[in-house]
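This chain uses plain numbering: 1 for the first residue, then up along the sequence. All ligand and atom numbering here is 1-based and tracks the order in the structure.
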Amino acid sequence: MHQSAWQKEILRISVVTGLGLSLGWSVGYPLIGLMAGLLISMAMLLRSMAALYRWSYRQGPPPQDSGLVGYSVDKLRRREKNLKSKLAQQAKQLRRYNQGIESLHDGVVIIDQDGHISGFNGSAARLLGLRPEDAGQPVTNLIRVPRFTRYFNNGDYSEALQFDVTQRTTISLQVQITQFGLDQKVMLIKDITERKRVETMRQNFIADVSHELRTPLTVINGYLEMLEDMDLPAPVKRATSQMNNQGLRMKDLVNDLIQLSKLESAATDDMGDWFDLSRLGHSVVDQVRSLAGDRIRFHSPVTCEIQGFAEEMNSVLTNLLTNAVKYGGDGTIDFAIESFGDSVKVSVRDHGPGIPPEHIGHLTERFYRVDDSRESSVGGSGLGLAIVKHALEHHDTALDIESTLGKGSTFSFIISPERSRLKISASA
Ligand code: ADP
């Protein structure tokens, strides 16, 4: 086809110039005849090209030409037709995707690289109270929840975020952001109000039961302690001693349960107050000295204040240090509060037997213990690291656990620069 278009074009030029030449020859001016033939060929070509030009601007019918121009027009028209049908197919597919997204029960918001909303579905509009004119606005202007702003700007979307919004009623939402393309984001929003309600009921139930258990336990433990001091026959003494131990364990468990439910139900939009973390570190080392002796090496080259909740942080450090004492063998325990860029890094490292890797991801679950039989002799409720996890969430951070079998474990977390003020300590 391509070949024949060229051939036709050349044939046409040859015929016209040939005719011109022979006419010129017959009247004695072959050169002029040749020129005239060439000019006519060029004129014909130009006419087709002009028609092609007009047609390309949609200002005229397609050129009727059997040569190269005609062939090109033919090709272009076929390509245009293919393209149109592909575009129609894609538009149809896009409509189907949009209908699918629109029909989702969960909210979907597309956010561009500048953090502006570029689209959202009906569920997102309902859950976040968005109006059509909100497209193009920064997402942090429309979701005015400090925790969401921090989560969005932080850029770490490995975990979902939960927060409450109030429109006509207060609803609980869970958002999860995923990045795609060139720093664009898609945000999925779930309504978890019902789930939260059931969760709150469960928390309240546990908190109430724990509170109710506290008084009878105190009475029982008091009498048991009294019995232990009395001169009783050996078997009775053994029994009272065991009851006393279990009673104290139960007291710890109840206290941990109360602490955990308090942490779970605490308002999380509050950033807390500034306090001296280094001083708290020293005080916790003193608190656990009765258990640890001089095994803890406290290293704090910075004096730092952090914004948060001192009581919760006290609980975090106490739990990590007592765990290192209980499970970290007999070696030294390195406890450090140090600068980490503009952040503060807190770490507790022991040189104990370590934790098998398959357990590490579960340690912060309630009542999770690596070896129940061994650890029930050590004491502990299995709630310590769950308390740590929740308390750290209130400080916008998470526990990192590294462990090598036979070498020891390191439990650490990082407090972000927004929550920390550092000074190099004079004693460093
Ligand atoms: P517990 O009250 O049993 O100490 P935790 O939640 O504090 O509960 O810890 C959960 C489990 O994690 C422990 O039972 C123990 O198996 C394991 N664990 C915690 N800290 C360490 C550590 N430093 N070394 C080894 N195992 C640890």
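With a heavy-atom cut-off of 4.0 Å, Asp350 touches ligand 1 through its side chain alone. When non-hydrogen atoms are compared, ligand 1 lies under 4.0 Å from the side chain of Ile355 (C-beta onward) but not from its backbone. With a 4.0 Å heavy-atom cut-off, ligand 1 is reached by the backbone of Tyr368 but not by any atom from C-beta on. With a 4.0 Å cut-off on non-hydrogen atoms, Lys326 touches ligand 1 through its side chain and not its backbone.
Counting atoms of ligand 1 from 1 in the listed order, those under 4.0 Å from a heavy atom of Arg369 are 3 (O), 14 (O).
Counting non-hydrogen atoms of neighbouring residues, nucleotides and ligands closer than 6.0 angstrom, the CZ atom of Arg47 reaches no more than 12 such neighbours. By the neighbour-count criterion of 12 heavy atoms within 6.0 Å, atom CZ of Arg77 is sparsely surrounded, having that number or fewer from other residues, nucleotides or ligands.
Using a 4.0 Å cut-off between charged side-chain N and carboxylate O, Arg12 and Glu9 make a salt bridge. With respect to the salt-bridge test (charged N to carboxylate O, under 4.0 angstrom), the residues Asp294 and Arg289 qualify.
Checked by distance only, ligand 1 and Val370 come closer than 3.5 Å through their nitrogen or oxygen atoms. Checked against a 3.5 angstrom limit, the closest N/O atoms of Gly354 and ligand 1 fall outside it.
Here ring-ring contact (aromatic ring centres under 6.0 Å, His included) pairs that include residues 286-308, with residues two or more places apart or in two chains, are His282-Phe298, Phe298-Phe335.
Distances shorter than 4.0 angstrom occur between a heavy atom of Ser381 and an atom of ligand 1.
Between the side chains of Asp183 and Gln179, at least one donor-acceptor pair of N or O atoms lies under 3.5 Å.
Within the 6.0 Å centre-distance limit, the rings of Tyr157 and Tyr151 are counted as a close aromatic pair.
For atom 2 (O) of ligand 1, the nearest non-hydrogen atom from the set Gly384, Pro353, Gly382 comes from Gly382. When Leu320, Thr322, Asn323 are checked for heavy-atom proximity to atom 19 (C) of ligand 1, Asn323 turns out nearest.
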